Undergrad: 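The structure's right below; bear with me while I get my questions together.
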Amino acid sequence: MKIQSLIHGAKLGLLATEVNGYWVARNAVIRRMASDPTNATAQTLARGGAPAYKRRSQSEGSMTFRQNHLLGIEPLHPEEITTILDLADRYAEMERGTQKHGDALTGLTQINMFFEASTRTQASFEIAGKRLGADVMNMAMAASSLKKGETLIDTALTLNAMHPDLLVVRHPHSGAVNLLADKVNCAVLNAGDGRHEHPTQALLDALTIRRAKGRLHRLNIAICGDIAHSRVARSNILLLGKLENRIRLIGPPTLMPSGVADWGVEVYDDMDAGLAGCDVVMMLRLQKERMDGAFIPSEREYYHRFGLDAEKLSAAKDDAIVMHPGPMNRGVEIDGTLADDINRSVIQEQVEMGVAVRMAAMDLLAQNLRAAREPQGVMV
Ligand code: NCD
């Protein structure tokens, strides 16, 4: 081992203990360091308990993010989630300044393949890529989205031959993006697959919550509405659960997925009871495009029982924030005035954080991609 890394290791050893290849900071040290308001690392650690450093090895890219793809929240380690959020936080600050551009993706080609209609997610990925210097190409796949199975793989192989570096994919079928990731040799980001996962949405929701509440653990978080058909709900439940929050699902039994009892969440079919004492209220759109029958008596009746308005929100904490991934149906799942109330609603911040989170995710994946492509040293 080189002397440099021995010294580095000894310094770390004072502050941290190594667990499974991660340097986990010692709590007492963090608490002392966090009393210094200028020590940003200690502040972050004290907030989230995340490890300070990942042991570096030549074959590894970024410090606490080891993934080659972002296919879902499920495979992510809590420290990897924190790494994305910390970097996204920095990008969010950059975005608010006058210099909005970075160079993390310079020289890389990003292809956005959306087999399902999307406005905000596609625009958000496009802006994120361009702000970091990637060559971005959008492929309108919706028209050909009815052809599935082999066609998807054929499309992937065709694209792969064009040597993209980042492939952003949305597909109406759960699991389609994972299938595609197996066939290409670039980094794949899931922009939503069926009712399976929508990882960047959960990450942007998490960043919005962390910025509004100052922490991302031990919060009471209600997710309300069409849980059964929602990839947003699934990714959020996974992410918020990994960070030890208390999750409540509220909605009619017809819109609850089967097996929900095993998810480690509390289930309610009454807004008043479910929202009592909540810090965060996350509303979901009725995913009619994924419903194959009548799941609610009528939209009017649904709004009456489950639509969020100021009166129902009064059951939650006084400072509870209101979220919605969009697109929103005013008067169906949420009251329009409440959605626009900047004292309660963080819906616009969610959109803003979306760009920052996608910049961070693509930056980290690109670091790992570049590290993997680096020629390996020859032993002499
Ligand atoms: C979400 C999606 O596509 O799953 N929207 C989005 O990403 N902007 C939620 C939704 O469509 O209701």
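In this chain, numbering begins with 1 at the start of the sequence shown. Basis for what follows: all heavy atoms, side chains included, without hydrogens, waters or symmetry-related copies. Atoms within each ligand, like the ligands themselves, are counted from 1 in listed order. Please read these numbers as outputs of a predicted model, since none were measured by experiment.
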Undergrad: Counting only heavy atoms and a distance below 4.0 Å, can you name the residues contacting ligand 1?
TA: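 The answer is Arg120, Thr121, Arg170, His198, Gln201, Arg231, Val232, Arg285, Gln287, Pro325, Gly326, Pro327, counting any residue whose heavy atom sits under 4.0 Å from ligand 1.
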
Undergrad: Between the side chains of Asn368 and Gln67, is a donor N or O closer than 3.5 angstrom to an acceptor N or O?
TA: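 There is no such pair between these side chains.
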
Undergrad: For residues 321-334, pull every pair meeting salt bridge (charged side-chain N to carboxylate O under 4.0 Å, His left out), keeping only residues two or more places apart or in separate chains.
TA: Arg330-Asp340

Undergrad: Using modelled atom types and a 3.5 Å cut-off, is there a donor and acceptor pairing between side-chain atoms of Asn245 and backbone atoms of Leu219?
TA: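 Here the side-chain-to-backbone pair exists.
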
Undergrad: Taking Lys183 for the side chain and Asp154 for the main chain, is one N or O donor matched with an acceptor at less than 3.5 Å?
TA: no

Undergrad: What orientation do His171 and Phe115 show, parallel under 30°, tilted 30 to 60°, or perpendicular over 60°?
TA: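 The arrangement is tilted - the two ring planes meet at 30° to 60°.
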
Undergrad: Distance to the ring centre below 6.0 angstrom and angle to the axis at most 45 degrees; does that hold for Arg358 and Phe125?
TA: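 Yes; both conditions hold, so Arg358 lies above the ring face of Phe125.
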
